[in-house]
Protein chains: 2
Amino acid sequence: MALRHAVLTALLDNELSGYDLAKAFGEKVGLFWHASPQQLYAELARLEDAGLITGREVLQRRRPPKRLLTLTDAGLAELTHFAAESAKPSFLRDELLVKVHAERVADTDALIEQLEDHAARAAAKAQVLGDMLTGLRGPKHEAAYLATTNTPGPYLVCVRGRLFEQEKQTWCTWAADVLRARTAGRPIPPLPPR
Amino acid sequence: MALRHAVLTALLDNELSGYDLAKAFGEKVGLFWHASPQQLYAELARLEDAGLITGREVLQRRRPPKRLLTLTDAGLAELTHFAAESAKPSFLRDELLVKVHAERVADTDALIEQLEDHAARAAAKAQVLGDMLTGLRGPKHEAAYLATTNTPGPYLVCVRGRLFEQEKQTWCTWAADVLRARTAGRPIPPLPPR
DNA sequence: CACATCATGTAACCAGTTACATGATTGG
DNA sequence: CCAATCATGTAACTGGTTACATGATGTG
């Protein structure tokens with residue numbers, strides 16, 4: 001049950017509403033841990049029942065009121081405890097790979113199209129993550145930022161997300177090129193080094 | 001519902017028993033799509049009910065009898081149809097990243113240990129995948145193999161798995177080095193290029 | 001004789017997805 | 001006035017994990 005801890009982590013630095021969290025999980029956080037709004041609202045209710053977070057009502061001018069959520073001491077302790085446990089290994093799990101594996105019985109042109117589509121999306125995400133990284137470290141160089149910040153965690157995680165997307169882009173592009181070269185009888189391109 | 005299709009794909013080339021499949025999902029297939037034996041047996045029952053696979057009993061000397069499963073024509077058609085649909089984007093979802101994100105409130109030494117552990121596992125998996133690739137292409141060069149085989153799918157997928165594990169190893173090692181350098185007051189190492 | 005491997009599952013629970021539901025406010 | 005965004009959820013279903021259960025055979 002790591003969604004719970006992903007939520008606690010997201011609340012570590014900011015006081016957020018359920019809505020804010022849903023947005024964060026669709027963007028920043030979502031780049032390494034995805035969850036739907038419905039899942040979040042359910043989890044938030046459970047977390048509040050368990051006393052790991054508390055909410056305070058904030059009235060807004062010309063907006064519906066919102067509940068800003070904060071970690072309690074118990075929530076903080078829970079997070080610290082969680083971080084010390086050994087993490088289970090993560091798996092690559094990708095529908096597209098299943099389809100490529102079944103290329104033999106698939107429509108190759110449709111597959112190529114999808115590979116290129118996924119490559120483009122990955123490139124866009126990598127770009128967003130790159131911008132987030134420069135935003136985080138500000139005017140400093142990476143090494144200087146990592147040496148001095150007291151929250152290196154988010155930066156490190158963001159680097160991983162970026163590597164992941166870059167790797168995905170590289171592979172998708174190459175795989176599409178390979179399949180295209182095969183159907184056209186052209187020479188197979190090598191996998192670009194990175 | 002892509003487990004169903006992952007199973008069909010695994011049966012595309014070989015006739016397998018439930019037990020064989022469970023092993024394959026723990027090894028080869030599991031490197032890009034993981035499933036537990038329980039999930040598989042449940043899915044197999046459903047697939048047979050749906051008429052997408054059939055089993056034939058095989059008696060063995062000095063072994064319990066097993067049921068070898070094969071794709072039916074309907075199963076093949078289902079797979080072809082699935083491959084043409086657009087695949088939903090895959091997410092990176094990793095407990096370890098949640099922990100690193102929460103580094104601020106975690107035991108840094110414990111985290112470093114885990115990062116190094118995960119790096120070692122990733123390196124081992126990458127090695128296995130590399131061996132699988134050389135096994136698949138035999139004496140040929142990659143380009144020659146990909147140009148001539150009629151099943152490039154498994155090879156391409158395997159390359160992706162290897163890239164993923166290499167990327168994971170690179171990052172885990174670097175992140176551990178960064179955290180270690182911070183606590184020791186040493187200079188932060190750069191992320192190695194690849 | 002004990003442990004690993006072959007071979008197959010069931011039951012209970014937890015996590016995640018899809019579809020639906022509601023109502024206010026802001027910007028074009 | 002309509003669409004987008006802010007803000008919060010519920011209900012029904014599907015998918016996945018953990019723990020348990022059974023029994024045969026091969027290896028040290």
Side-chain angles (χ1 to χ4, degrees), chain A residues 1-8 15-27 29-30 32-50 53 55-69 82 85 87-95 98, chain B residues 1-8 15-27 29-30 32-50 53 55-69 82 85 87-95 98:
Chain A
M1 66 169 101
L3 169 59
R4 135 172 262 137
H5 300 103
V7 171
L8 293 176
E15 202 182 22
L16 298 170
S17 68
Y19 187 79
D20 295 334
L21 270 169
K23 264 199 308 184
F25 271 77
E27 293 163 18
V29 188
F32 64 91
W33 193 280
H34 172 264
S36 64
Q38 295 83 348
Q39 247 184 296
L40 287 173
Y41 280 113
E43 192 60 47
L44 289 174
R46 266 178 254 135
L47 282 167
E48 206 165 357
D49 281 356
I53 59 176
R56 59 186 188 90
E57 196 88 4
V58 173
L59 299 172
Q60 302 177 99
R61 280 177 300 167
R62 326 196 145 236
R63 285 267 182 227
K66 60 180 173 181
R67 300 193 66 232
L68 288 181
L69 302 160
F82 166 75
E85 282 170 16
K88 32 183 129 140
S90 67
F91 303 107
L92 189 53
R93 180 174 267 196
D94 192 336
E95 257 191 34
V98 178
Chain B
M1 65 168 102
L3 168 59
R4 136 172 259 136
H5 300 102
V7 171
L8 294 176
E15 201 183 22
L16 299 170
S17 68
Y19 187 79
D20 295 334
L21 270 169
K23 264 198 308 183
F25 271 78
E27 294 163 18
V29 188
F32 63 91
W33 193 280
H34 172 264
S36 64
Q38 296 82 347
Q39 246 184 299
L40 287 173
Y41 280 113
E43 192 60 47
L44 289 174
R46 267 178 253 136
L47 282 167
E48 207 165 358
D49 282 355
I53 59 175
R56 61 187 185 91
E57 196 86 6
V58 174
L59 298 173
Q60 301 177 99
R61 278 178 302 169
R62 326 197 145 236
R63 284 269 183 227
K66 60 180 173 182
R67 299 194 65 230
L68 288 182
L69 303 160
F82 166 75
E85 282 170 15
K88 31 183 129 141
S90 67
F91 303 107
L92 189 54
R93 181 176 268 198
D94 192 337
E95 258 192 34
V98 178

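Everything quoted here is computed from the prediction, not taken from an experiment. We name chains A, B, ... by the order of the sequence lines, and we start the count at 1 in each one.
The side chain to side chain contact (heavy atoms under 4.5 Å, CB included) search around B:Glu85 returns A:Lys99, B:His81, B:Phe82, not counting sequence neighbours. For the side chain to side chain donor-acceptor pair (under 3.5 Å) test, residues two or more places apart in sequence or in another chain that qualify with B:Glu43 are B:Arg46. Applying the salt bridge (charged side-chain N to carboxylate O under 4.0 Å, His left out) rule to A:Arg67 yields the partners A:Glu48, A:Glu57; only residues at least two apart in sequence or on another chain are considered. Not counting sequence neighbours, the partners of B:Glu27 by the side chain to side chain contact (heavy atoms under 4.5 Å, CB included) test are B:Lys23. Taking A:Ala50 as the reference, A:Arg4, A:Leu52 meet the side chain to side chain contact (heavy atoms under 4.5 Å, CB included) condition, with sequence neighbours excluded. Considering only residues two or more places apart in sequence or on other chains, B:Phe25 meets the side chain to side chain contact (heavy atoms under 4.5 Å, CB included) condition with B:Leu3, B:Ala6, B:Val7, B:Ala10, B:Leu21, B:Val29, B:Trp33, B:Ala35, B:Leu40. Every residue meeting the side chain to side chain donor-acceptor pair (under 3.5 Å) condition with B:Ser90, not counting sequence neighbours, appears here in chain and number order: A:Asp94, A:Lys168. Residues forming a side chain to side chain donor-acceptor pair (under 3.5 Å) with B:Glu95 (at least two apart in sequence, or on another chain): none.
Nearest-nucleotide positions on DNA chain D for A:Ala42 and A:Asp20 put A:Asp20 closer to the 5' end.
Rounded to whole Å, the distance from OH on A:Tyr19 to P on C:dA24 is 17 Å.
Boundaries of the chain B contact region on DNA chain D are D:dG15 to D:dG26, first to last in 5' to 3' order (nucleotide atom under 4.0 Å from a heavy atom).
Axis deviation across the helix from C:dC1-D:dG28 to C:dG28-D:dC1 amounts to 40°, comparing end segments of five pairs, rounded to 10 degrees.
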Atom pairs under 3.5 Å: protein N/O with N/O of nucleotides 14-18 of chain C:
residue: C:dG16; atom: OP1; partner: B:Arg93; partner atom: NH1; Å: 2.8
residue: C:dG16; atom: OP2; partner: A:Gln39; partner atom: NE2; Å: 2.9
residue: C:dG16; atom: O5'; partner: A:Gln39; partner atom: NE2; Å: 3.4
residue: C:dT17; atom: OP2; partner: A:Gln39; partner atom: OE1; Å: 3.0

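With values rounded to the nearest 0.5 angstrom, A:Leu8 atom CG is found 5.5 Å from A:Leu47 atom CG.
Between A:Asp20 and A:Leu68 there is a side-chain heavy-atom pair separated by less than 4.5 Å.
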